[in-house]
A.B. asks: 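If you scroll down you'll find the structure; I have some questions about it.
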Amino acid sequence: MFGISYTDIVNKIKTEKSISEEQIESLVKKKLEQYGDLISKDGAIHIVANELRVKVFDDNIPNRVFKVENILPGMNFVNVDAKVVSVGEVRSFKTDKREGRVVNIVVGDETGLVRLVIWDEKYIKVVEEGKIKIEDILRIKNAYSKGSDAFPELHIGSRSLLNINPEGVQVKDPVMQKRHYGLKRIVDLKDNDSVDIIGTIVQVFEPRFYSACKDCGKKVELNDGIFNCGTHGQIVPIEVPILNVFLDDGSDNIRVVMFRDLVGKLIEGDPIKFRENNEAFEEVRSNILGKQLKVSGRVSKNAMFDRFEFMAQDISEVDAQEVADNLLKEIDTKY
Ligand SMILES: [Zn+2]
């Protein structure tokens, strides 16, 4: 609740006032006796610290730790513990007002994902040196938020602090944003829409694979027998699956592109076994065809093929009833 533990405060008092733990405990005991049941032991240590003039909270950096889902645009002094999901490229920019460098990292916790925008050169260097990797835990302090309600961003400026894999800090595996996307009919989709679509799988393509750096997720090519990542040097790559299906909702259909874990989620198994064996995939294909899916994601224009695709960020199966209900709702709003 206070965001700082009993032991932390005891240690703070110990170092700042050079008094023993026993003495502190006896002061806490006295406070508890004085207040009866009105305060907890945690409350008592705060009072003791105050009376000894030990500052429990650093005024510049409030200690409240947010969950990702609670980050909204326009907040200052945001503290979050989050896990790295992907690391972008460092980019240089120049505007009328200023020039510099920036890098985006996607981080998350069990409540959602947020884009971390790093402007501080000190941390950009850390990213450049490959010292921030997928699965790393970041303790983010004193960040500020921008963006929109649906896509908040957390910015790391000169007053912010980033601690990589701090001892004792754990973060659960990030999940896709639970923020509501809003449902759209496929025929109404526009470039860059971030929405949900619900439809039936009417076509399934064989899975393909590409090699990627396990630390930053970037695609890597084989050159002279060596896989080289621009950031992490020579690496042993991981194989990332891609699966394309056509989803049809009665209004139209669209190619849905799924990467990574989503492929395994859809086929209910590890896709890697189909890498060299397309025939074995036939059974999976017939299981998937006709499935009804809800897909959250973004419409993206594939320039090479001059077509719209739906880049899936999360999928879930829906039952026929849900599809029918949605259809009814749609009819209700129309007439
Ligand atoms: Zn890499």
Side-chain angles (χ1 to χ4, degrees), residues 68 80-93 100-110 112-140 143 151 153-156 160-167 169-177 207-244 257-265 270-272 275 297-298 300 302-304 309 311-314:
V68 167
V80 187
D81 293 335
K83 204 177 258 186
V84 176
V85 176
S86 73
V87 182
E89 310 256 358
V90 176
R91 289 183 290 116
S92 299
F93 66 90
R101 301 199 301 165
V102 64
V103 63
N104 291 336
I105 293 182
V106 178
V107 300
D109 62 15
E110 75 276 18
L113 300 181
V114 66
R115 185 202 301 202
L116 199 62
V117 185
I118 303 181
W119 303 97
D120 190 87
E121 194 56 34
K122 163 169 94 251
Y123 293 120
I124 290 176
K125 288 214 176 79
V126 171
V127 174
E128 226 169 18
E129 287 162 4
K131 287 179 184 159
I132 295 182
K133 304 182 294 295
I134 290 175
E135 297 271 299
D136 277 348
I137 287 170
L138 299 182
R139 170 152 276 191
I140 300 155
F151 294 100
E153 296 171 344
L154 213 46
H155 289 238
I156 301 293
S160 313
L161 294 173
L162 265 188
N163 209 329
I164 305 160
N165 295 321
E167 218 172 300
V169 178
Q170 301 207 330
V171 175
K172 292 199 183 114
D173 278 339
V175 298
M176 264 317 298
Q177 216 87 304
R208 287 176 291 119
F209 295 83
Y210 66 89
S211 304
C213 171
K214 78 167 174 10
D215 289 331
C216 61
K218 267 175 231 142
K219 193 171 173 177
V220 290
E221 309 277 354
L222 189 62
N223 273 324
D224 298 330
I226 290 169
F227 283 100
N228 230 347
C229 166
T231 312
H232 296 104
Q234 192 180 332
I235 51 130
V236 179
I238 49 165
E239 294 301 303
V240 178
I242 315 179
L243 185 68
N244 286 2
V257 184
M258 283 167 257
F259 291 90
R260 301 171 191 278
D261 303 350
L262 292 184
V263 179
K265 193 171 172 184
D270 189 349
I272 198 77
R275 206 194 143 151
R298 197 167 62 84
S300 162
N302 183 321
M304 199 196 295
E309 296 176 343
M311 312 305 285
Q313 286 159 345
D314 197 14

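Whatever order the structure lists them in is the order used to number ligands and atoms, beginning at 1. Starting from 1, each residue takes its place in the sequence as its number.
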A.B. asks: Check D81, N163, N165 against R139 for a side chain to side chain donor-acceptor pair (under 3.5 Å) and give me the one that passes.
C.D. replies: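 When D81, N163, N165 are each tested with R139, the side chain to side chain donor-acceptor pair (under 3.5 Å) holds only for D81.
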A.B. asks: For the Zn ion (ligand 1), report each protein N, O or S atom nearer than 2.8 Å, sorted by chain and then by residue number.
C.D. replies: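 Sorted hits: C213 SG, C216 SG, C229 SG, H232 ND1.
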A.B. asks: Are K265 and D314 close enough, and set up right, to give a salt bridge (Lys or Arg N to Asp or Glu O under 4.0 Å), and what steps lead you there?
C.D. replies: CA-CA 10 Å; K265 193 171 172 184; D314 197 14; 3.1 Å; yes
A.B. asks: State whether the number of non-hydrogen atoms from other residues, nucleotides or ligands found under 6.0 Å of K214 atom NZ is greater than 12.
C.D. replies: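 Incorrect, the count does not exceed 12.
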A.B. asks: For atom CD of Q170, is the number of surrounding heavy atoms from other residues, nucleotides or ligands below 6.0 Å larger than 12?
C.D. replies: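 Count not over threshold, so no.
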A.B. asks: Go through S211 and E239 one step at a time and tell me if the side chain to side chain donor-acceptor pair (under 3.5 Å) criterion holds.
C.D. replies: CA-CA 5 Å; S211 304; E239 294 301 303; 3.0 Å; yes
A.B. asks: Would you find more than 12 non-hydrogen atoms of other residues, nucleotides or ligands less than 6.0 Å from K122 atom NZ?
C.D. replies: yes
